[in-house]
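As structure tokens, the structure follows; a few thoughts come after it.
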Amino acid sequence: MKIGYPCINNSLKVTTFKTFRLGSYSDERFKETVSYNLANLRNILEFNIRHDLKFFRIGSGLIPLASHPVCVFPWREYFKKEFSEIGEYIAKHGLRISMHPDQFTLINALGEEIISRSIKEIEYHTDVLDLFGLDPSHKVQIHVGGAYGDKEKSIARFISNYNKLSEKIKNRLVIENDERLFSLKDCLFISKQTGVPVILDTLHHKLNNNGESLAQAVNSAAKTWKNIDGVPMTDYSSQAPDKRTGAHTNSIDTEDFKKFLSAASGIDLDIMLEIKDKEKSALLAIEILNNNL
DNA sequence: AATGGTCAAGTCAGC
DNA sequence: GCTGACTTGACCATT
């Protein structure tokens, strides 16, 4: 069981997603920014190892504008050495990595252009993990996409477009239940048709479910992960008190997390804590796991 | 140095 | 119709 947090480390005053405007694109600017982001990534990963945080989501801004037509710079080649060094570090320390392309990534969209841009974006993410030299247990997670007024057709379109993806992408892609359109049940249906593993998001599941208990949900999502996919990943969070429904809590709710652990007992999971204070709560989660809290 | 408008991309809910 | 939310605010022109 590995514990992690997404994208941002608040203890270190650095980020891995420095960017620039499309209008100020230049190869120089791009190279500078990517070098900066990769160096910071290395720092954050080293922090994680020092603190036994073995699961990390790398933010999509690592390579700015990577899938945009303006970016013709051969970054895959140019940063090959940096990528392989970081990748070796990840493998050596048994870190688990995930990535999560943003909301514009919709392989079930109605427009062909949107779909092809989305595939390019997913390809960028899988390329990063490939350049690290990581095995297929390091995943790229997306949501099913839009409903477009007809959920069934939109699910069918997801399945048909998924089936057309390259093996390279299919090896890494996993789908996550969302908080209002596609529930865990929908994701499991898609998984049955395609073999795509399902990431359970506990807060989304609380808001959008079909009456399954948390234990059933964890169990059924976990079953969609094959050996080659590694230990099932889960996105854990809880509701922020006094904020809009679906807002992630600022810091870990100890009791809620313990309930989650007991619902998941007997199942090996890697847990991504989608909590605002990031590594701080992840460290608390480790304490809870070790029965120190 | 501080600030406010704006930023590649899509969809949906809530007002 | 507009705004905020989504895994995450940051960039940059202007003052």
For DNA chain C, the residues among residues 20-54 of chain A that have a non-hydrogen atom under 4.0 Å from it: A:Phe20, A:Arg21, A:Ser24, A:Arg29

Has A:Phe104 got its ring stacked on B:dA9, by the test of a centre gap below 5.5 Å and a plane angle below 30°? yes

Round to the nearest Å and state the distance from [X] atom [atom1] to [N] atom [atom2].
X        : N      : atom1 : atom2 : value
A:His248 : C:dA5  : NE2   : C1'   : 10 Å
A:Leu181 : B:dA13 : CG    : P     : 6 Å
A:Asp102 : B:dT11 : CG    : P     : 13 Å
A:Gln103 : B:dA8  : CD    : C1'   : 11 Å
A:Arg180 : B:dT11 : CZ    : P     : 12 Å
A:Leu207 : B:dG14 : CG    : P     : 12 Å
A:Asn250 : C:dT8  : CG    : P     : 11 Å
A:Lys18  : B:dC7  : NZ    : C1'   : 15 Å

Considering only the [atom1] atoms, how many Å lie between [N] and [M], rounded to the nearest integer?
N      : M     : atom1 : value
C:dT7  : B:dG4 : C1'   : 26 Å
C:dC6  : B:dT3 : C1'   : 26 Å
C:dA10 : C:dA5 : P     : 16 Å
C:dG9  : C:dG4 : P     : 16 Å

Of A:Glu176, A:Arg57, A:Glu274, which is the lone residue that meets side chain to side chain donor-acceptor pair (under 3.5 Å) with A:His100? A:Glu176

Nearest to side-chain heavy atoms of A:Lys278, which nucleotide of B:dT11, C:dT8, B:dC12: C:dT8

Where the side chain of A:Ser67 is concerned, which of C:dA10, B:dT11, B:dA8 is the nearest nucleotide? B:dA8

Please tell me if the side chains of A:Ile288 and A:Leu261 come closer than 4.5 Å, counting only heavy atoms from C-beta onward. yes

Is the NZ or CZ atom of A:Lys2 positioned over A:Phe55's six-membered ring, under 6.0 angstrom from the centre and within 45° of the axis? no

With A:Arg96 as the cation and A:Phe56 as the aromatic partner, state whether NZ or CZ is under 6.0 Å from the six-membered ring centre and within 45° of the axis. no

Decide whether A:Thr105 and A:Glu121 meet the rule of one side-chain donor and one side-chain acceptor closer than 3.5 Å. no

Just name whichever nucleotide pairs with C:dT7, Watson-Crick or G-U, keeping both distances under 3.5 Å, else none. none

Test of understanding: with ring-ring contact (aromatic ring centres under 6.0 Å, His included), list the residues that count as partners of A:Phe257, not counting sequence neighbours. A:Tyr236

